[in-house]
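Below, chains carry the letters A, B, ... as their sequence lines are ordered, and counting in each starts from 1. All values reported here derive from a predicted model rather than from experimental measurement.
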2 protein chains.
Amino acid sequence: MVSARTIGRLSLYRRLLNEMQAEGALSVYSHDLAAKAGVTAAQVRRDVMSVGYTGSPTRGYSVPGLAEAIGEFLDAPEPQSVALVGVGNLGRAILAFFSGRRPKLSVVATFDSDPNKVGRVIHGCRCYAVDEIETRLAELGVGVAILTVPAGAAQEVAERLVRAGVKGILNFAPVPLRLPRTVFVEDIDMTVSLEKVAYFARQGAARKEWNR
Amino acid sequence: MVSARTIGRLSLYRRLLNEMQAEGALSVYSHDLAAKAGVTAAQVRRDVMSVGYTGSPTRGYSVPGLAEAIGEFLDAPEPQSVALVGVGNLGRAILAFFSGRRPKLSVVATFDSDPNKVGRVIHGCRCYAVDEIETRLAELGVGVAILTVPAGAAQEVAERLVRAGVKGILNFAPVPLRLPRTVFVEDIDMTVSLEKVAYFARQGAARKEWNR
DNA sequence: TAGATTGTTAATCGATTAACAATC
DNA sequence: TAGATTGTTAATCGATTAACAATC
């Protein structure tokens, strides 16, 4: 019912609200939050509406109240487990990036095809063989995966993940995955992104070329 | 005139065409390319139209011809230089990822505030002090930057890059940058992306929740 | 030719923006 | 109260999809 764009913005709002709360702010107006997030005030109001939270015309939104409401909307009741497949340079960096960042969403296992990596503990996470995906994921109850394997292996590994019960994939491999529509895939294609930036940097950009 | 979405898809099409060419394919129909890219055939036709290339009803598009047409449309006549700021785990992984991948778009300098990193050569790229951004970028004619610094430093470094003449930024720091509208910013916010995946993984996703 | 595909316009869809009465 | 902000609907905008005559 709620678009992927909206979900993305809500995630961002929450982070900004947490920062504001750490600075002692108790309430915030839609235009304040909008300015920090780089969107319009109307956008913020509409997004807030979609989580069913209401503010007050005099004080705006309660910072902790809205942060919590977004949390209830976005987060699962219980923490979700994440697997990371492909422990190369990028995989390790991403693992380090996420470790400890979101307690409700933690990487519990990694997988690689390199026998030298299997068995090691990297950033607090044990590395298993790719062959073990099916058994381990069922065991750990993993529904979300991060894919950081080389392009050539991506499709095959993705299918394996889906067979193991994964319902959502954050795909860093530069290949569009062909998967059942019931699996949500978010692509982060760094080459495409960099080419986009290079193109608009030349064109003078202008206009409002950001979709976030 | 052409949307950021379209530019992104064109970049993807080119990569797919290059792969097809390597496999010896001479021509391709819009629906073939569409299937590979995960979009509709009509979308492909419209995108191809926007680069001013035309195919033939009997043979579809020439694979090398279309790849070249997209190249002329996307690429600058001369190679563009890129700078990377923030040589942490993620920065180094991204540097490795891009090195040699696109000859028309190569990272020529990196910057970091850590004195231990300054002066070193990382993945073939010399690391300079952040204070040198203005002088080095002018010297090297850099218009595009990749930002992989911690959240707290991102805004300040970004402003510095803009002062040094950068017109486009690929921003991995989890902070919305406040910059002049003439600077194109593409945000890659991995936390937001992962939360999106986790959310839709629970919801059963379905529908067509991918925007690419 | 017959037939599938193209270029291109028109219809649809969805999301963003503007507007404003209700409200604290 | 007076005034700025909210919730919410209507208008706008832009992009995607459908459709189809033209074409090789």
Side-chain angles (χ1 to χ4, degrees), chain A residues 1-10 12-13 17 20 25-63 65-66 69-70 73 176 181 196 200 205-212, chain B residues 1-10 12-13 17 20 25-63 65-66 69-70 73 176 181 196 200 205-212:
Chain A
M1 206 72 86
V2 176
S3 78
R5 300 269 190 94
T6 302
I7 296 298
R9 284 191 302 259
L10 287 172
L12 177 60
Y13 298 160
L17 288 164
M20 294 172 73
L26 293 177
S27 63
V28 64
Y29 292 123
S30 59
H31 62 253
D32 287 333
L33 188 52
K36 280 182 197 286
V39 302
T40 64
Q43 185 70 272
V44 167
R45 293 211 297 277
R46 210 169 50 84
D47 291 338
V48 168
M49 255 181 63
S50 70
V51 314
Y53 189 76
T54 67
S56 124
T58 40
R59 260 158 303 162
Y61 302 105
S62 153
V63 169
L66 181 52
I70 293 175
F73 186 84
R181 306 220 115 215
K196 241 195 270 186
F200 286 108
R207 238 162 296 272
K208 42 171 180 173
E209 328 285 66
W210 47 12
N211 320 320
R212 195 177 308 285
Chain B
M1 207 72 86
V2 176
S3 77
R5 300 267 190 98
T6 302
I7 297 298
R9 284 191 302 259
L10 288 171
L12 177 60
Y13 298 160
L17 288 164
M20 294 173 73
L26 291 176
S27 62
V28 63
Y29 292 124
S30 59
H31 63 253
D32 287 334
L33 188 52
K36 281 182 195 285
V39 302
T40 64
Q43 184 71 272
V44 166
R45 294 212 297 277
R46 211 169 48 86
D47 290 339
V48 168
M49 256 181 62
S50 71
V51 315
Y53 190 77
T54 69
S56 124
T58 40
R59 261 158 305 161
Y61 304 105
S62 153
V63 169
L66 181 52
I70 293 176
F73 186 85
R181 306 219 115 213
K196 242 195 269 186
F200 286 108
R207 238 161 294 275
K208 42 171 183 174
E209 327 285 64
W210 47 13
N211 321 319
R212 199 178 305 283

Considering all heavy atoms of both residues, which atom of B/Tyr61 and which atom of B/Val48 are nearest to each other, and what is their separation? CE2-CG1, 3.6 Å
OP1 or OP2 of C/dT5 less than 4.0 angstrom from a side-chain nitrogen or oxygen of B/Arg59, does that happen here? no
Complement of C/dT12, any strand, by Watson-Crick or G-U distances under 3.5 angstrom: D/dA15
Classify the nucleic acid contact of A/Thr54 as base, sugar-phosphate or nothing, counting any heavy atom under 4.0 Å across all strands shown. sugar-phosphate
Tell me which nucleotide among D/dT5, C/dT6, C/dA18 gets nearest to the side chain of A/Pro57. D/dT5
Rounded to the nearest 0.5 Å, how far apart are CG of A/Asp47 and CZ of A/Phe73? 10.0 Å
Minimal heavy-atom distance between A/Leu17 and A/Val63, with the atoms involved, is O-CG1, 3.4 Å
In whole angstroms, the gap separating P of C/dG7 from OH of B/Tyr53 amounts to 10 Å
Does B/Thr6 reach a base, just sugar-phosphate, or nothing at all? Heavy atoms under 4.0 Å. nothing
Output yes when at least one side-chain N/O atom of B/Thr40 is less than 4.0 Å from OP1 or OP2 of D/dT17, else no. yes
Pairwise 5' ranking along DNA chain C for A/Asp47 and B/Ser30, keeping only the more 5' one: B/Ser30
In terms of the nearest nucleotide of DNA chain D, which residue is placed more toward the 5' end: B/Ala42 or A/Val28? A/Val28
Contact under 4.0 Å: A/Tyr61 side-chain N or O vs C/dC24 OP1/OP2: no
Within less than 4.0 Å of OP1 or OP2 of D/dA19, is there a side-chain N or O belonging to B/Arg45? no
Taking the side chain of A/Met49 as heavy atoms from C-beta outward, which of D/dG7, D/dT17, D/dT6 is closest to it? D/dG7
Residue-phosphate contact under 4.0 Å: B/Thr58 side-chain N/O, C/dA4 OP1/OP2: no
Nearest whole angstrom, please: distance from the P of D/dA15 to the CD1 of B/Ile7. 12 Å
Would you mind telling me which residue lines up with the more 5' stretch of DNA chain D, A/Gly60 or B/Ser56, judged by nearest nucleotide? A/Gly60
Whole angstroms only, please: what is the NE2-P distance between B/His31 and C/dG3? 17 Å
With respect to the side chain of A/Arg46, which nucleotide from D/dT6, C/dT16, D/dT17 is positioned closest? C/dT16
Calculate the interatomic distance between A/Gln43 atom CD and D/dT6 atom C1'; express it in whole Å. 16 Å
Any donor and acceptor pair, going by atom type alone, linking the side chain of B/Tyr29 with main-chain N or O of B/Thr58 inside 3.5 Å? yes
Shortest non-hydrogen contact from A/Ala37 to A/Tyr13? CB-CE2, 3.8 Å
Any strand: nucleotide that pairs with D/dC24 via Watson-Crick or wobble, under 3.5 Å: C/dG3
